[in-house]
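Numbers restart at 1 for each chain; the letters A, B, ... are given by sequence-line order, proteins then strands. As a basis for the values below, the full set of heavy atoms in this structure was taken, side chains included, without hydrogen atoms, waters or symmetry mates.
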Number of protein chains: 2
Amino acid sequence: MSGINERRERERAHRHQLIITAARDLAETEGWEAVTTRRLAERVEYSQPVLYSHFNGKDAIVSAVAIDGFGELATHLRRARLAAPEPGQALRAVCRAYLDFATERPALYQAMFVLPTNLSFGSPETPPALRAGFDEFVNCFDPADERRELIAEVTWSALHGMAVLSDSGRIPPASQDARLDFLVTQFTAPPAGQPRNER
Amino acid sequence: MSGINERRERERAHRHQLIITAARDLAETEGWEAVTTRRLAERVEYSQPVLYSHFNGKDAIVSAVAIDGFGELATHLRRARLAAPEPGQALRAVCRAYLDFATERPALYQAMFVLPTNLSFGSPETPPALRAGFDEFVNCFDPADERRELIAEVTWSALHGMAVLSDSGRIPPASQDARLDFLVTQFTAPPAGQPRNER
DNA sequence: CAGGAAGTCAAGCATTGCTAGGATGCAGTC
DNA sequence: GACTGCATCCTAGCAATGCTTGACTTCCTG
C-alpha cells in the first residue's frame with residue numbers, strides 16, 4: 001500500500017513546518033539566544049535527534065526560518081507597492097512596509113539579515129523569494145534608468161541600516177519616519193545642480 | 001612602599017590591554033566564533049579566571065574591543081574629513097573612509113555594530129568616541145540646516161547597510177564604489193523639483 | 001510468520017562560559 | 001628570621017550547549 005507512505009510523508013512535512021514555526025515563535029518571544037535544540041525539541045514534543053532527521057543542524061533550522069521570512073517579506077512589499085495610490089508613491093510605500101516588517105518581527109528579521117548564516121547569495125542558490133523582495137525595490141524606479149539595480153541596492157542598504165541601528169538603539173527609533181521621508185525625497189531627486197546640504 | 005602597588009597597577013593595566021588586543025587579533029584572523037575563553041586564556045598565557053578578574057564575562061571583553069574600535073574609527077573619519085581637498089568633498093571622503101574601515105577590519109566592525117552587545121546607547125553611557133565618530137558625519141553638512149543630525153543618521157545607516165550586506169555577499173561587493181557615488185550625489189542634491197528616478 | 005526498513009528515544013560526548021577552592025608568594029610585624 | 005594577612009593565580013569542576021550513538025519499537029513487505 002502506498003497510501004501509508006503518503007500519509008507518513010504528509011506527517012513528516014507537517015512536522016518539518018512545525019519545527020520551523022516553533023523555532024520562530026520561540027525566538028520571537030524570548031530571543032534567539034533562548035532557542036536551544038533541547039528547548040525546541042521539548043516545544044515540538046519530540047526528542048532532539050528528530051530535529052536532526054529534518055535539518056542538518058541548528059543553523060539549518062534558522063536558515064529555514066529565514067527563508068520563510070523572505071517569502072513573507074516579498075509578499076508584504078509587493079502588496080504595499082501595488083496598494084500605493086499613485087506610482088510616484090510606490091517607493092515610499094515599499095520602504096515603509098520594509099521598516100514595519102523589521103520592527104514588528106525583529107527576531108525573524110534577525111534570522112534573515114543579521115545572524116551568521118550559510119545561505120549563499122552569490123547566484124544559483126539564492127532563495128527566489130529574496131530576489132523577489134529585492135525586485136520590489138527595483139520596480140519602484142524608472143525602467144529606463146540603467147542604474148536602477150544599483151539604486152535599489154543603496155535603498156535596501158539604507159533601510160537595513162535604519163532598521164538595525166534603530167532596533168539596537170544606536171539611532172533614536174522615534175525619528176524613523178523623518179529619516180524615511182528624507183531618504184525617499186533625496187532618492188527621487190535629480191542629481192545635484194548646486195549642492196545644498198553640504199557645507 | 002607605594003611604588004610596588006603602582007607597578008602592580010601598571011602591570012594590571014598592561015595585561016588588561018593585552019587581553020583586548022589578543023581577542024581582537026584572534027577574531028580578526030579566525031572569526032569571532034573562534035574566540036573562546038579557553039583559547040583566549042591560552043593566547044595571553046594566563047588561566048581563564050584571570051580573564052574574569054579583568055572583565056565581567058566574555059561579553060564585556062568584546063565590548064571592550066568594540067569601544068577601542070570606536071576610538072579608531074573616529075580618528076580615521078576625522079583624518080579623512082580634514083584631508084579632503086575642498087569642503088565639498090568632505091562627505092565623500094568620510095563615507096569612503098567608513099567603508100574602508102569596515103572592509104579592512106571586518107571582525108572589529110562586527111564587534112562594534114553587529115554582535116549582540118549590552119552597550120547602552122541611550123544617552124549617558126554612550127562611549128564618547130562613538131558620538132565623536134558620528135559627529136564627523138554631522139560636520140559634513142551645512143550647520144544652518146537644522147536637519148543635519150537626521151541627515152547624518154540616514155547617511156550612517158546607508159553606509160552601515162552597505163558595509164554589512166556587502167560583507168555577507170547579499171549585494172555584490174564589487175560595485176561598492178558606484179553605490180557610494182550615488183549615495184553622496186543624492187544626499188548633496190537639492191530636494192526634488194520633479195522626480196526623476198521614480199516611475 | 002520472519003526480515004527489514006523507518007522512526008524514535010535515552011544516554012552520552014566534546015565544547016562552551018563561568019566559578020569555587022586551594023596553592024603560592026609577597027607584603028608588613030613581632 | 002619566623003609568622004600573619006592579603007593578593008594573585010591555577011587546577012578542577014559545574015551546568016548548559018550542539019550534536020551523535022546505540023538500542024528499542026513499530027509496522028510494512030515478501
For this session: Using a 4.0 Å heavy-atom cut-off across all strands, classify A:Arg39 as base, sugar-phosphate, or nothing.
Result: nothing

Problem set entry | Cation-pi, B:Tyr46 ring and B:Arg15 (6.0 angstrom, 45 degrees) | yes

For this session: Counting heavy atoms from C-beta on, name the nucleotide in C:dG17, C:dG7, D:dC19 closest to the side chain of A:Arg38.
Result: D:dC19

Exercise. To the nearest angstrom, how far is B:Ile19 atom CD1 from D:dC9 atom C1'?
Worked result: 13 Å

For this session: Could you check which of D:dC19, D:dT11, C:dC18 has an atom nearest any side-chain atom of B:Tyr52?
Result: C:dC18

Problem set entry | Residue pair A:Arg38 / A:Thr36, side-chain donor-acceptor N/O under 3.5 Å | no

For this session: State whether A:Thr37 places a side-chain N or O below 4.0 Å from either non-bridging phosphate oxygen (OP1 or OP2) of D:dG18.
Result: yes

Exercise. Once you round it to whole Å, what is the distance between P of C:dT15 and NZ of A:Lys58?
Worked result: 19 Å

Exercise. Nearest nucleotide by nearest heavy atom, which residue falls closer to the 5' end of DNA chain C, A:His54 or B:Thr36?
Worked result: A:His54

Seminar exercise, completed: Out of C:dG7, D:dG18, D:dC9, minimum distance to the side chain of B:Tyr46 belongs to D:dC9

Exercise. Any donor-acceptor pair under 3.5 Å between the side chain of B:Gln48 and the base of D:dC10?
Worked result: no

Exercise. To the nearest Å, how far apart are A:Glu42 CD and D:dA16 P?
Worked result: 13 Å

Exercise. Which of these passes side chain to side chain contact (heavy atoms under 4.5 Å, CB included) with B:Phe187: B:Thr185, B:Val184, B:Leu183?
Worked result: B:Leu183

For this session: Rounded to the nearest angstrom, tell me the gap between atom CD1 in A:Ile61 and atom C1' in D:dG18.
Result: 10 Å

Problem set entry | Residue B:Ser47, side-chain heavy atoms: nucleotide from C:dT8, D:dC10, D:dC9 that is nearest | D:dC10

Exercise. Among the nucleotides C:dC18, D:dC9, C:dT19, which one has an atom lying closest to any side-chain atom of B:Pro49?
Worked result: C:dT19

Seminar exercise, completed: Shortest non-hydrogen pair, B:Arg81 vs B:Glu136, comes out as NE-OE1, 2.6 Å

Exercise. What's the CD-P distance between B:Glu33 and C:dG17, to the nearest Å?
Worked result: 12 Å

For this session: Can you tell me the distance, in whole Å, between the CG atom of B:Leu51 and the P atom of D:dC10?
Result: 10 Å

Exercise. What is the distance from CG of B:Leu40 to C1' of C:dT15, rounded to the nearest Å?
Worked result: 16 Å

For this session: Find the distance A:Asn56:CG to D:dT20:C1' and express it as a whole number of Å.
Result: 13 Å

Exercise. Can A:Asp135 and A:Arg131 be counted as an ion pair, charged N to O under 4.0 angstrom?
Worked result: yes

